[in-house]
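A short write-up of the structure that comes next.
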Amino acid sequence: MDEKEIQSFLIISSVVLFILIITMISLFLFFQKRKNALLLKNEFAKKHFEQEISKAKIEIREETFRNISWELHDNIGQLLTLAKIQLQNNSPASDIKETLNKSLKELRILSKLINPDALKNMSLEQAITDEINRFNRLNYIESKFTIKGQQIKIDGKIEIVFFRILQEFFSNTIKHAKATHLDILLNYQPDMLTIIAKDNGLGFDLNKKNYSGIGLTNIKNRAKLVNANATILSEPNKGTKLTITYKL
Amino acid sequence: MKYIPYLINVLQLITAVIALVNYKKYKFSTEKYFLPFLWIVFILDFSCGILADLYSFNIYLIYNIFIGISFIFYYNWYYSILLRELHKKLTLFFAFIFVIVIITNFILNKNDEFLDYSFVTGAIFIVILTGFYFYELANTDSIFSIKYKLSFWIALAIILFYVGMIPFMLLSKYFNLAFEANDTFIIILISLNMILYCFYIIGFLWTKKKYNHF
């Protein structure tokens with residue numbers, strides 16, 4: 001090997017070595033950086049999730065307060081007013097007693113419903129049943145709740161989100177839809193939970209922009225948050241149907 | 001010095017045996033094709049070396065054909081593991097360009113030398129594709145378990161080998177050296193092969209079955 005060959009050997013080997021080292025270092029830095037960025041992103045997503053759950057909880061509570069206020073005014077208030085009128089009109093004591101008994105019964109139901117401990121440990125089915133019973137009791141709307149399949153316990157946080165979505169749907173139905181019937185179905189399949197809520201109200205045109213404001217995007221975003229899928233179908237005068245699918 | 005090149009064959013054999021022993025861990029993934037590939041590489045390289053040593057056999061034709069096939073094998077592997085549509089399309093495009101280059105190279109060449117331009121072209125494409133793969137890998141949750149992913153180690157082995165081979169080939173061409181005839185330069189070649197097969201071996205030993213699903 002002459003001097004020229006030695007020289008070129010040294011050049012080639014140092015260039016190859018240099019490039020190898022550079023490649024290794026940059027790959028290491030690249031993966032390290034991406035890993036940290038992804039960790040941060042996951043952390044952020046987790047925080048966002050927790051925030052959304054808290055928000056949903058607060059909204060459920062607010063809605064509950066609103067419902068109590070309605071119930072006190074429309075139901076128990078009315079019954080007590082009736083008792084007062086009956087007293088003024090000297091109605092038979094048995095009639096007055098019956099009215100007062102009825103109002104006491106309603107009061108007990110209400111007090112049981114808003115007990116914080118009961119609210120905290122409630123399952124999705126129980127929460128929906130209570131809501132439906134309230135609608136039927138107050139004659140807001142005729143409601144029916146069906147559960148199909150073998151019930152499977154899902155995460156409490158996810159239940160909160162689903163319940164809040166349904167509550168938002170119910171509140172839309174009562175406020176805007178002028179519906180007479182409301183059907184809710186919880187369908188447990190081995191690998192999928194499907195929740196369907198359907199009213200027979202006014203419905204709306206999904207293509208019209210001014211309907212996007214009434215919580216539809218909110219419902220979809222909330223569902224996405226727990227990896228569920230929410231679709232809303234509606235046609236003017238044919239009612240609205242909400243379908244939530246969730247992979248178990 | 002004469003037997004130094006056989007060191008590479010020893011490495012190839014060890015890697016192929018380790019790949020065979022650990023086959024269970026990756027038999028459901030696209031990496032399963034590396035098992036026959038590694039054995040073919042070993043058998044072909046070893047027999048070509050012996051033939052050349054004993055009978056001064058012209059091995060360039062076989063070598064060049066094999067280089068073409070192995071590049072296509074790598075491109076095909078990248079095509080199956082890359083997820084983004086753009087990256088897949090570029091893989092097809094690179095493979096197409098490479099085929100054109102190597103065919104032209106074959107036509108112009110008298111089959112008595114190494115097809116270095118085709119090799120460098122193919123190697124540059126391999127480096128780019130590995131970059132795509134790492135980019136995709138770094139943007140998924142797999143980044144938290146890359147050390148258990150066989151595809152990561154194979155891609156790492158490939159990129160380090162070719163990133164070293166490209167300047168080696170270009171510079172030896174530039175200095176007008178017949179590296180294959182010079183024992184000293186074989187050392188660089190052996191070092192690069194050591195890196196290649198060592199990372200393969202780490203991958204086969206370290207990988208876990210549940211991380212090799214596709």
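Reminder, nothing fancy here: chain letters follow the sequence lines and each chain counts from 1.
- Within the 4.5 angstrom heavy-atom criterion, no atom of A:F18 approaches chain B.
- Proximity to chain A (any heavy atom under 4.5 Å) is shown, for B:L170, by neither the backbone nor the side chain.
- Residue A:L39 touches chain B through both its backbone and its side chain, counting heavy-atom pairs closer than 4.5 Å.
- When A:I22, A:V16, A:V15, A:L17 are compared by the number of non-hydrogen pairs under 4.5 Å with chain B, A:V16 comes out ahead.
- In summary, the aromatic rings of B:F46 and B:F42 are positioned with their centroids under 6.0 Å apart.
- Contact of B:I166 with chain A is not made at all, since no heavy-atom distance falls under 4.5 Å.
- Put simply, of B:L137, B:V127, B:N139, the one with the most heavy-atom pairs under 4.5 Å next to chain A is B:N139.
- Looking only at heavy-atom pairs under 4.5 Å with chain A, the residue among B:G164, B:A138, B:S191 that has the most is B:A138.
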Show me the donor-acceptor pairs within less than 3.5 Å that the side chains of residues 41-52 of chain A make with the rest of the protein, sequence neighbours left out.
unit_1 : atom_1 : unit_2 : atom_2 : d
A:E50  : OE2    : A:K157 : NZ     : 3.0

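- Under the 6.0 Å cut-off for aromatic ring centres, A:F162 and A:Y246 qualify, their centroids lying closer than that.
- Remark: A:R66 does not engage A:E59 in a salt bridge, criterion side-chain N to carboxylate O under 4.0 Å.
- A donor and an acceptor atom, one from each side chain of A:E63 and A:N67, are nowhere located under 3.5 Å apart.
- In the model, B:S151 has no side-chain atom that pairs as donor or acceptor with a side-chain atom of B:Y26 under 3.5 Å.
- Only the side chain of B:F152 comes within contact range of chain A, with at least one heavy atom under 4.5 Å from a heavy atom of that chain.
- At distances below 3.5 Å, at least one donor-acceptor pair connects side-chain atoms of B:E136 with backbone N or O atoms of B:R84.
- Residue with the most contacts toward chain A among B:Y135, B:Y174, B:F144: B:F144 (heavy-atom pairs, distance under 4.5 Å).
- Interface residue B:T140: only backbone heavy atoms are found under 4.5 Å from chain A.
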